[in-house]
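Everything on this sheet refers to the single structure shown next.
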Amino acid sequence: MPKKGKKAKLPLSDEEQLLLFQQKLLAEEEMAKKKERLLSQFLKDKLAKEEHNSALNLNKINTQWRTVLREVKTRELHKDIEILSQTFERVVDCKDSVIKSLAKDLSEAEEQYAHALRSHLHSIDQLLALQRCRLNLLEESYNTELEALTKEFETERKTIIDQHEKEIHYLQDVFMAMEQSYIDSEYESKLEFQSMWDDLKNKNLEEKHFLRLKLENIVEDLWRRFQDALKNYTDATEDQKIAFETLQVKDEKSSKEIEAQMKKIQRLQDSIIILKSKIMVHSRESEDQNQYIRKDKELVLAQLRKLKAQRTQARELSQENLVKLTLESNATLKALRRIVDKGEKILKLAEICRKFETEEEKVLPFYSSVLTPKEQEEIEEIYPEELTEQLAKVIVNYTGMENFWKRYNKVKLEQLSLQHRHVQLLEINGKLREMLKQYLDGISVSDEVMSQLNPLFIVNHRSNLPQPLSTPTTQPGDKPPPTTYIIEAAHVISHIL
């Protein structure tokens, strides 16, 4: 029998080797995961520190950069203020020169205006004198018309008042009837409204009860859903709660660091406030200066606006005067053209009339007055004419036309005399025609002649003229009746021809 010794290692099977190999792999994976976790944690801490340091450095750089920018900005502002002051002085000088030129123009315009005003007032005085005379005449006619209109108005007023009273009584009756019908309709509508209101009230109560039951069921259902959602939320946020507690610890550490940094920021802010106060003092001083300059600028602008307004008014007045002058000049030109045409026409007529003048008119074209001094005095007494200033001025203007009016009056008198002679000759011609007709009727026999009265037609010692029935007896003291004489046409014709 062999001796008992140490047990020899038995060879492992394939399955056991696979299990050992898997355990080794699992251990290696766990070690690798631990290393990755540690490395990620280290990197996160390092990243947080770097971010914190970068934020601090960035704040420091910003503060220093702001100081530099403020200094540069103040220098630029000083330069801009100097440039603006120079430009403002230049603009003020330009405005002063413009104001001086405008003042000169204004003085000249005032002189022109005064001259135009004097001439205008003179013409207005003349027009007022004419207007007063015209108003006196119009006032007289107005008073007469006013009296007539007042009488017509009183009559119409009485008729209108009577008609108005009748219409008022009629409208009162209509109003009473309408009010009674309105009261009846109002009572009926109130009854209908009360019945409808009761029906609507009952319907609203029923609908309210139904809606209350429906809403209670909906609220219970929503409460159940809310409880289920709350349980699900608490189960789902347990892990997040644990992570929140760890983050809260980190937050306490970071808050301490923030407090330290806040103290530093507070110091920097104090220095910033001091600098801001200095800047505010400088800005106030500059604002006061700017306000003073702005006030002066506004005063200058206001004066400039006034001058512009006065200039525009003067321009408008001058333009209106120019328009009036052009219109009046056009009217005068047209009137002068008419006068020239009229004068040319008169000259042409004078040349035509020159051919028909007699030798006496050619030798003595202007005759002296035919009237004696007594006849002239009688005419002046019959037609008195007061010589006023206005009439004297008009007479002075027409002194050159005296000879023309003499010739014109002479021609007019000759025309009137010829017209008068023409009328006389027409009357004589008519009388002769009547006499000739009577003569022809006397010597001829026709039905027309026999039917008319004819003193020459005598049969049996009787004419066809009506004889008076009885001779009127004349009383003593009365005038005898007028006797009519009948002359034959043949006798008259023999003497005339």
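Both backbone and side-chain heavy atoms feed into the values below; hydrogens, waters and symmetry mates do not. Note that the coordinates shown come from a computational prediction; the quantities given were computed from them, not determined experimentally. We number each residue from 1, following the sequence as shown.
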Task: Evaluation steps, side-chain contact (heavy atoms from CB on, under 4.5 Å), between Gln291 and Asp288 - done: CA-CA 5 Å; Gln291 284 179 358; Asp288 293 333; 4.3 Å; yes
Can you tell me how far the [atom1] atom of [X] sits from the [atom2] atom of [Y], to the nearest 0.5 Å?
X: Leu127; Y: Arg132; atom1: CG; atom2: CZ; answer: 11.0 Å
X: Leu56; Y: Ile265; atom1: CG; atom2: CD1; answer: 8.0 Å
X: Lys295; Y: Ile293; atom1: NZ; atom2: CD1; answer: 12.0 Å
X: Lys73; Y: Asp80; atom1: NZ; atom2: CG; answer: 7.5 Å
X: Leu301; Y: Glu298; atom1: CG; atom2: CD; answer: 7.5 Å
X: Ser271; Y: Gln266; atom1: OG; atom2: CD; answer: 10.0 Å

- [ ] Output, in order, the C-alpha distance, side-chain angles, deciding distance and verdict of side-chain contact (heavy atoms from CB on, under 4.5 Å) for Glu76 and Lys79.
- [x] CA-CA 5 Å; Glu76 290 177 354; Lys79 289 179 181 178; 5.7 Å; no
Open item on the list: For the residue pair His122 / Gln126, report whether a side-chain donor-acceptor contact shorter than 3.5 Å exists.
Closed with: yes
Task: For Cys94 against Ser97, the heavy-atom pair lying closest together - done: O-OG, 2.5 Å
TODO: Write down the atom of Ser283, the atom of Ser286, and the distance for their closest heavy-atom approach.
DONE: O-OG, 2.6 Å
Open item on the list: As a quick check of understanding, evaluate side-chain contact (heavy atoms from CB on, under 4.5 Å) for His169 and Gln172, giving each step before the final call.
Closed with: CA-CA 5 Å; His169 291 305; Gln172 285 178 355; 4.1 Å; yes
Task: From CA spacing to verdict: side-chain contact (heavy atoms from CB on, under 4.5 Å), Lys253, Glu257 - done: CA-CA 7 Å; Lys253 290 179 181 178; Glu257 292 177 356; 5.7 Å; no
Counting only heavy atoms from other residues, nucleotides and ligands, does the tally under 6.0 Å from [atom1] of [X] exceed 12?
X: His52; atom1: NE2; answer: yes
X: Phe88; atom1: CZ; answer: yes
X: Gln319; atom1: CD; answer: no
X: Glu154; atom1: CD; answer: yes

With a 4.5 Å heavy-atom cut-off, do [X] and [Y] have their side chains touching?
X: Lys278; Y: Val281; value: no
X: Lys95; Y: Val98; value: no
X: Gln64; Y: Val68; value: no
X: Ile99; Y: Leu307; value: yes
X: Arg70; Y: Ile279; value: yes
X: Leu117; Y: Leu121; value: yes
X: Glu259; Y: Lys263; value: no

Open item on the list: Test of understanding: with side-chain contact (heavy atoms from CB on, under 4.5 Å), list the residues that count as partners of Arg134, not counting sequence neighbours.
Closed with: Gln131, Leu138
TODO: Could you tell me which residues satisfy salt bridge (charged side-chain N to carboxylate O under 4.0 Å, His left out) with Arg225, sequence neighbours excluded, listed by chain and number?
DONE: Asp221
